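Proteins come first, then strands; the chains are lettered A, B, ... in the order of their sequence lines, and each starts at number 1. Note that the structure is a prediction, hence the values are computed from the model and not measured.
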Number of protein chains: 2
Amino acid sequence: MFSFSEENYLKAIFHLERRYKGGVSTNALAEEMETKASSVTDMIRKLSDKQLVIYKKYQGVKLSEKGRATAIEVIRKHRLWEFFLVEKLNFNWDEVHDVAEQLEHIKSEKLTRELDKFLGFPKRDPHGDPIPDAEGNFSVSNKLLLAELEKDQTGICIGVKDTSADFLRYLDKNKIALGKTITVKDIENFDNSMLIVIDGEELRISQLISGNLFIKM
Amino acid sequence: MFSFSEENYLKAIFHLERRYKGGVSTNALAEEMETKASSVTDMIRKLSDKQLVIYKKYQGVKLSEKGRATAIEVIRKHRLWEFFLVEKLNFNWDEVHDVAEQLEHIKSEKLTRELDKFLGFPKRDPHGDPIPDAEGNFSVSNKLLLAELEKDQTGICIGVKDTSADFLRYLDKNKIALGKTITVKDIENFDNSMLIVIDGEELRISQLISGNLFIKM
DNA sequence: TCAATTTTTTAGACTCATCTAAATATTATT
DNA sequence: AATAATATTTAGATGAGTCTAAAAAATTGA
Ligand SMILES: [Mn+2]
Ligand SMILES: [Mn+2]
Ligand SMILES: [Mn+2]
Ligand SMILES: [Mn+2]
């Protein structure tokens with residue numbers, strides 16, 4: 001088994017690999033983990049000894065197959081617990097992350113399997129992020145940003161890019177929720193703000209908002 | 001907040017205080033924690049600095065009010081999670097303890113409160129042990145051991161003293177479960193074994209069994 | 001190209017929780 | 001009460017994970 005710290009590093013590398021193709025740098029990882037570059041070097045060496053990452057000095061890290069599988073397992077647990085907290089325990093979607101950060105490290109295959117079954121094998125967590133299945137497969141999602149839509153196009157809100165409590169509460173306040181249909185009524189050339197229709201109501205949103213909402217068409 | 005280790009020590013002291021009235025000895029605690037006496041002394045000193053225990057050298061430890069409240073909170077979480085695992089996730093009562101040992105350290109008041117509510121404010125965990133409420137109060141239980149019953153007396157099984165997987169599976173195998181009615185048909189003088197009736201079936205059990213089953217009359 | 005800047009690694013130190021071995025205090029036994 | 005046995009504490013070490021400061025490597029750009 002791996003320590004909480006090891007699991008958190010693997011998760012961070014997994015997330016950063018999308019952006020930094022061809023190796024995650026020590027500094028990028030230090031920033032993500034909110035720690036010092038020297039600590040990262042120490043931990044990378046440890047993960048490398050355990051065959052969880054591929055590492056050559058000064059070259060950054062990549063996950064090995066074993067490392068990737070472990071990272072996905074942790075992400076699976078994180079998102080299942082977030083779903084559980086919202087669906088069963090009356091948590092709001094802006095309150096679940098910190099608790100899930102703890103719960104994701106509980107070690108019990110049976111627990112994860114049975115929780116998944118109990119929840120009805122959900123495909124997405126409360127923020128619209130895909131929940132990998134027991135084999136580590138993500139159900140494909142051809143999502144795009146609301147900001148990418150053109151005037152008069154319509155889509156269904158399926159996720160958020162920014163998951164900060166501030167943003168999530170902004171969405172709550174303006175009745176924007178996953179599953180709702182959004183139509184782009186107008187786009188302002190000057191600042192790229194959008195006039196959208198949701199639930200029959202018109203709403204003007206800045207590009208910062210439209211750039212953080214995932215849509216499926 | 002307290003570390004996992006600190007919480008486990010507090011829990012152990014709480015449990016040992018029933019037996020060792022007037023201070024839990026270093027060695028008793030070392031045995032319970034499966035560690036060395038010197039490690040116990042170190043930790044006791046740390047807990048004492050944090051005002052969680054009352055400690056004078058060579059005199060053993062007692063929980064302070066703050067320490068007791070913390071221990072009870074951990075026990076509350078442990079038992080709520082055990083109940084959750086059995087009631088909602090199809091765990092058997094002999095499989096829940098190790099997972100609950102992990103889950104009891106999750107820090108979130110809201111999680112504990114909502115879990116309790118979700119489960120319907122259960123009074124006892126799957127082994128019949130009382131679950132303290134949010135204020136730390138145990139609902140009183142005038143339980144006695146089956147071994148204490150006389151010939152022809154009847155009681156309802158409400159808990160187990162030994163919670164080892166071996167014992168729990170013995171009970172499963174012999175259809176002895178919490179809530180069932182047991183009548184003492186006969187007691188053998190020589191070895192104190194009992195002939196009991198449960199579900200209309202007769203069963204002979206040794207004193208080791210009857211001494212580990214709690215009964216309410 | 002080569003000096004300046006940035007990134008990464010190394011060296012050494014710290015805390016936490018643990019250990020072994022040795023010292024000291026307490027308790028039991030003669 | 002003195003000695004033997006036991007319980008407890010102290011001293012010093014270790015490994016995990018982190019830190020600061022300094023050295024070394026890589027990259028940038030004049
Ligand atoms: Mn999250
Ligand atoms: Mn999420
Ligand atoms: Mn238990
Ligand atoms: Mn229990």
Exercise. How do B:Gly60 and A:Lys36 order along DNA chain D: which one's closest nucleotide is nearer the 5' end?
Worked result: B:Gly60
For this session: Not counting sequence neighbours, which residues clear salt bridge (charged side-chain N to carboxylate O under 4.0 Å, His left out) with B:Lys57? List them please.
Result: none
Exercise. Does OP1 or OP2 of D:dT18 have a side-chain N or O of A:Ser39 closer than 4.0 Å?
Worked result: no
For this session: Could you list by number each residue of residues 2-9 of chain A showing a heavy-atom separation from DNA chain D of less than 4.0 Å, or answer none if no residue does?
Result: A:Ser3, A:Ser5, A:Tyr9
Problem set entry | Value in whole Å for how far the C1' atom of C:dA13 lies from CG of A:Asp42 | 12 Å
Exercise. According to a strict under-4.0 Å criterion, is B:Arg45 in side-chain N/O contact with OP1 or OP2 of D:dT10?
Worked result: yes
Exercise. Excluding sequence neighbours, so at least two apart, what forms salt bridge (charged side-chain N to carboxylate O under 4.0 Å, His left out) with B:Lys216?
Worked result: none
Exercise. Does the pair A:Lys11/A:Glu6 count as a salt bridge with the N-to-O cut at 4.0 Å?
Worked result: no
For this session: Could I get the full list of side chain to side chain donor-acceptor pair (under 3.5 Å) partners for B:Gln102, not counting sequence neighbours?
Result: none
Exercise. Who are the salt bridge (charged side-chain N to carboxylate O under 4.0 Å, His left out) partners of A:Glu73, not counting sequence neighbours?
Worked result: none
Exercise. Can you name the side chain to side chain donor-acceptor pair (under 3.5 Å) partners of A:Lys36, sequence neighbours left out?
Worked result: none
For this session: Taking atom CD of A:Glu148 as the centre, report whether more than 12 heavy atoms of other residues, nucleotides or ligands fall under 6.0 Å from it.
Result: yes
Exercise. Which residues pass the side chain to side chain donor-acceptor pair (under 3.5 Å) test with A:Asp191, sequence neighbours left out?
Worked result: A:Ser193
Problem set entry | For B:Glu65, salt bridge (charged side-chain N to carboxylate O under 4.0 Å, His left out) partners two or more places apart | B:Arg68
Seminar exercise, completed: Among C:dT18, C:dC19, C:dT8, the one nearest any side-chain atom of A:Thr41 is C:dT8
Quick test: give all pairs of protein nitrogen or oxygen and nucleotides 25-29 of chain D nitrogen or oxygen below 3.5 Å, distance rounded to 0.1 Å.
unit_1 : atom_1 : unit_2  : atom_2 : d
D:dA25 : O4'    : A:Tyr58 : OH     : 3.2

When the side chains of residues 110-117 of chain A are checked against the rest of the protein, which donor-acceptor pairs come out under 3.5 Å, sequence neighbours left out?
unit_1   : atom_1 : unit_2   : atom_2 : d
A:Lys110 : NZ     : B:Glu95  : OE1    : 3.1
A:Thr112 : OG1    : A:Ser108 : O      : 3.2
A:Glu114 : OE1    : B:Asn90  : ND2    : 3.0
A:Asp116 : OD2    : A:Arg76  : NH1    : 3.0
A:Asp116 : OD2    : A:Arg76  : NH2    : 3.3

For this session: Check every strand shown and say whether A:Ser38 touches a base, only sugar-phosphate, or nothing at a heavy-atom separation below 4.0 Å.
Result: base
Show me the donor-acceptor pairs, under 3.5 Å and distance only, between side chains in residues 23-33 of chain B and residues at least two apart or in other chains.
unit_1  : atom_1 : unit_2  : atom_2 : d
B:Ser25 : OG     : B:Ala28 : N      : 3.1

For this session: Within residues 11-34 of chain A, find the residues that approach DNA chain C with a heavy atom at under 4.0 Å, and present them sorted by residue number.
Result: A:Ser25, A:Thr26, A:Asn27
